[in-house]
Structures are given as structure tokens and as C-alpha cells.
Amino acid sequence: MSAFASPSRSLRRRVGVGIATVGIGTLLLTACSATGGGTDEEEPDASTTACGPEAAETTTELEPAEITAAQDRETTLTLGSILPTTGTLAFLGPPEIAGVDLAIADINASETGVLGGNAAVIHRDSGDTTTDIATQSATDLLSQGVSGIVGAASSGVSFTFIDQVTGAQVVQISPANTSPDFTTYDDGGYYWRTAPSDVLQGRVLGNLMVDDGATNIGLLYLNDAYGTGLAENVKTAVESAGGTIVAEEAFNEGDSQFSSQIDAVMAEDPDAIALIAFDQTKVIVPELVGTQGFPGEDVYFVDGNLADYSADFDEGTLNCAQGTLPGVLANDDFKSRLLGINSELTDYSYAAESYDAVMLMALAAIAADDASGPGIQSQLQAVSAEGEKCESFDACATLLADGTDIDYDGVSGPITFDENGDPTEAYIGIYQYGEGNTYAPVTSEFGSLG
């Protein structure tokens, strides 16, 4: 990994309420400011501080890896995907689709395959909650007899078709749904996710802001299942860590004006603002930072809007701003393999979770000796926990062929599904923006849910 200059605030971490979090790896940022501890050094101006990718001392140019050709055999497992190629989360589509396709390629290149055959995927668009694209996509995929579906990215979108899919006894695994509402949803055991509930991301983000010295925090959030759930968990973490939420303002999907919400938050003089949004960020940030003069370094992002804004904002707008994203920090080997699928990738968000969603369904089909939806559903929890550890399709499939129970640990982390289809442990990545309004990894935190 590259080394970066350190952020202008502390990067100490605290344990969130009900969640044990442990920082992993080496802190990638190195020397830009006082980081607490009672020093008398003057805090540097963020406008002249090197943060994010522009502060890299070294860079790695990644080349696409060669993808092994598939075995010539019949298809025994057909999956679908409902992932965004249009709408407010379209930027998440390419890495998620690449993750799915890489998993399919790895399965088909293996000697064993799935029950002696290949896997196939049919991709369909999810759109967003302003359209009914996702429900049409679900209808189409179900008519083609898929056994499982990867998607959607948006929690709100998944709620528009979850009943269609699970009611048909087809497995749905989302790589990115984080709304806490899915945990207790009546899905008959057919809905799963490889991304953790926002109980975890909310705790990490709330603790991050307070640890960075913020005491009076404002929330601007999307009024849907994703935004309200995440906002509530951020609030819980902030208050538990000794901070105060001084303003909470919601907006709706499809809104184009946000002045009243911004004015209401700014009136409370916050020293940090958590912006829980999707594409609305492109309208909110210029008014909040440019017109209203709120420091860009004190805006915090989440997975729904942690994106490349180099073409959208003036240089320096987001310098030193930070954000959180569930999942591990993708290593260069995995990135190169993804580039072998899609050489134009510039973002890798939720690619690992998408890859693991496919792998888990394929391994569950082998464990059940049945590639149908009910067969896969019956073994998903079993292949994720308590057996012999394995980390690749070949290794896991070989163990299953020998009659050994397995515990698949994927590229996104250990996963370990609970009885509700939620991962019980996961990583949350912390990222930082630089002068060019693009972001780079800082560190990860590992947390357990339950």
C-alpha cells in the first residue's frame, strides 16, 4: 500500500456501544498534524495540508491480471444480479458487477465446478427508488429460473423486490444492503447479505467524528431505510462517546433543493456534519462548503456517497474530509484480478462482497448437492461457519467433496452468517479525500455484531 500524509485530526479509535472494534494493519497516514495528546503544536490549515491520494509518497500502477479460461462443460448453476447501472448509485455498479463476474470466472476455471458443471450469471439493472426497474429485473430473472440473485446495492431498492424473490424461494444476497431493518424482515430465510448492518458502520463513523475532536455534530440524511437506520446508529455512537447531535435534517429521494435542511443544520453551528446521501451529494456539498463556507474537512461521508468527485467539485473542496465504507481495503492482487474483468475500474467498493456472495451460493449448492434456491438456502449458514477454514473456491470445493464441513473466509472477511442472514463480524474501512476530491484508504476497523 502507499504511504500518505496524516490527516489534520486524531485517528484514534474507540469501542462503539455493543460492538468490539479493533484497528488492523498499519496506519497509512504519517505526519500532517498534532493528533491529540496535549501537544502545543498549532493545527495546520487543512487548505494547505496534504491529505488523501495526492499525499502519496509512492504509487502502484496495477496491470490487469490474466483470467483463466472456463472449463468446457454444461451450466449447473444459474444466478442473476440486480445491480445499479443507472440511478443514484450507478457508480457502485461496475465494481460490484466485476466482483460477480470474477467469482463466476474462478468457479468455471476450477476442476470441480459446481456439481460438475459451470456457473452462469444474468445481469440486470436495479435503477434506484425513483423507478420500478428493479422489480422488472426481478420478474425477468425469476422467469429465467435463476436460483439466486446478487443485489441490490441500495437497501431501499432491495425492499421493492425482496418479496418477489424470497417468495419464489430464490436466494437473494446483497453485497451492500446495510439497513438494520433487514435483520428481522420476514423473508422465509431467503434473504442474506455480505455487508454488515449499519449498526456497525454507524458506530465507527460516530466514534471517528468524536475522536477527531467534534463535540457538536449535525446530520443531513436521506429519508429512507438506509439513511434513517444509519443516522440513528451514528447518533447513538456520538452520544455514547460524549458528543451531541445538534441538528438532524432529512431529505427525500428525488429532491433537488436542500437549502432549508442545510440552513437548519448550519444554524446550530456544528463542528462536524455527517452527510448520509447518494447522488444528492453533488448538489449539497457546493452549497454547504462553497456557498455557506462550512469547512470541507469537517464533512464526513458514508458508503452511499464515498465516490470520486474530481469532475464535480472545485479543487480542494473536500481536502482532508473522511468517510467510511463497509468492507476490507482491497489489496493489489484482488484489484488486478478485477481489472482483468473490467480494465476501466477506478473504484472497488463492494467488489469483494459481491465476489463472496457468488462464492457462498456456489459452495452451498455443492454442500446441499442441489443447485436450486431451497438447496442453496439450506446450506448458506453452514458453509460460512464452524467447519474447516478455507479461502478459495478450489480449496473449499475439495473439502466438500471429501465430506468435510467448511467455513469459507472470503476476500471481504470472515463473513459468518447468523440465523438472520447477517454477517456477525466485518471490517469497516476509513478513507480520506485529498485536494483533487478523490479518496484513499487510511485504515480498517474490525467489529463483531451481536
Side-chain angles (χ1 to χ4, degrees), residues 67-85 93 96-126 133-153 157-158 161-175 187-194 341-342 351 353-380 382-384 393-394 396-397 400-401 408 410 421:
I67 304 301
T68 306
Q71 298 281 330
D72 184 13
R73 55 196 173 201
E74 293 183 358
T75 296
T76 54
L77 174 65
T78 302
L79 304 176
S81 83
I82 301 179
L83 296 167
T85 57
E96 292 174 335
I97 292 168
V100 169
D101 286 343
L102 179 58
I104 294 291
D106 285 350
I107 291 166
N108 293 346
S110 72
E111 289 297 325
T112 58
V114 179
L115 303 179
N118 284 339
V121 63
I122 305 166
H123 292 296
R124 292 293 181 265
D125 184 21
S126 68
I133 292 173
T135 58
Q136 295 175 33
S137 294
T139 299
D140 180 27
L141 291 174
L142 293 175
S143 73
Q144 298 191 59
V146 299
S147 299
I149 291 174
V150 180
V157 171
S158 279
F161 68 85
I162 184 173
D163 291 341
Q164 273 182 278
V165 173
T166 62
Q169 294 189 321
V170 168
V171 171
Q172 178 182 349
I173 304 185
S174 171
D187 54 55
Y190 282 86
Y191 174 88
W192 307 71
R193 51 182 166 180
T194 47
I341 297 294
N342 179 355
E353 287 76 12
S354 300
Y355 180 95
D356 286 341
V358 173
M359 284 296 174
L360 285 159
M361 284 192 278
L363 293 170
I366 296 171
D369 194 27
D370 179 359
S372 70
I376 293 169
Q377 185 269 348
S378 71
Q379 294 298 316
L380 269 174
V383 298
S384 77
F393 180 79
D394 273 334
C396 294
L400 288 171
Y408 173 70

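Bear in mind the structure is a predicted one, so any value in this text is a computation, not a measurement. For the numbers below, each heavy atom of this structure counts, side chains included, while hydrogens, waters and symmetry mates do not.
Q377 places no side-chain N or O within 3.5 Å of a backbone atom of V170 that could act as its donor or acceptor partner. Side-chain N or O atoms of N108 include none that pairs as donor or acceptor with a backbone N or O of N118 at under 3.5 Å. With hydrogens and angles ignored, the 3.5 Å screen pairs no side-chain donor or acceptor of T135 with any backbone N or O of F161. Side chain of T85 to main chain of D125: no donor-acceptor pair is present (N/O by atom type, distance under 3.5 Å, no hydrogens or angles). Checking side-chain atoms of T166 against main-chain N and O of Y190 turns up no donor-acceptor pair under 3.5 Å.
Separation of atoms OG1 (T112) and CG (L400) is listed at 9.0 Å; rounding is to 0.5 Å. The distance from atom CD1 of I97 to atom CD1 of I341, rounded to the nearest 0.5 Å, is 12.0 Å.
For the pairing with M361, the side-chain contact (heavy atoms from CB on, under 4.5 Å) check across I107, I149, I173, V114 returns one residue only, I173. When each of T194, D106, D101 is paired with Y355, the side-chain hydrogen bond (donor to acceptor under 3.5 Å, both in side chains) condition holds for D106 and for no other. Remark: of the listed residues E96, H123, R124, H123 is the sole one forming a side-chain hydrogen bond (donor to acceptor under 3.5 Å, both in side chains) with S81.
Looking only at side-chain heavy atoms (C-beta outward), V358 and F393 stay at 4.5 Å or farther from each other. Contact of the T78 side chain with the V146 side chain is registered, since non-hydrogen atoms from C-beta on lie closer than 4.5 Å. In this structure, L83 and P175 have side chains that are in contact, with non-hydrogen atoms separated by less than 4.5 Å. Contact of the L115 side chain with the L77 side chain is not registered, since no non-hydrogen atoms from C-beta on lie closer than 4.5 Å.
Legend: residues meeting side chain to side chain donor-acceptor pair (under 3.5 Å) with T75, ordered by chain and number and at least two apart, are absent. Judged as a side-chain contact (heavy atoms from CB on, under 4.5 Å), and not counting sequence neighbours, E74 has no contacts.
Counting all heavy atoms, side chain and backbone alike, A105 lies closest to I67 at CB-CG2, 3.7 Å. Of all heavy-atom pairs between S110 and G113, the closest is OG-N, 3.0 Å.
A donor-acceptor contact closer than 3.5 angstrom is absent between the side chains of D140 and Q136. Between the side chains of T139 and Q164, at least one donor N or O sits under 3.5 Å from an acceptor N or O.
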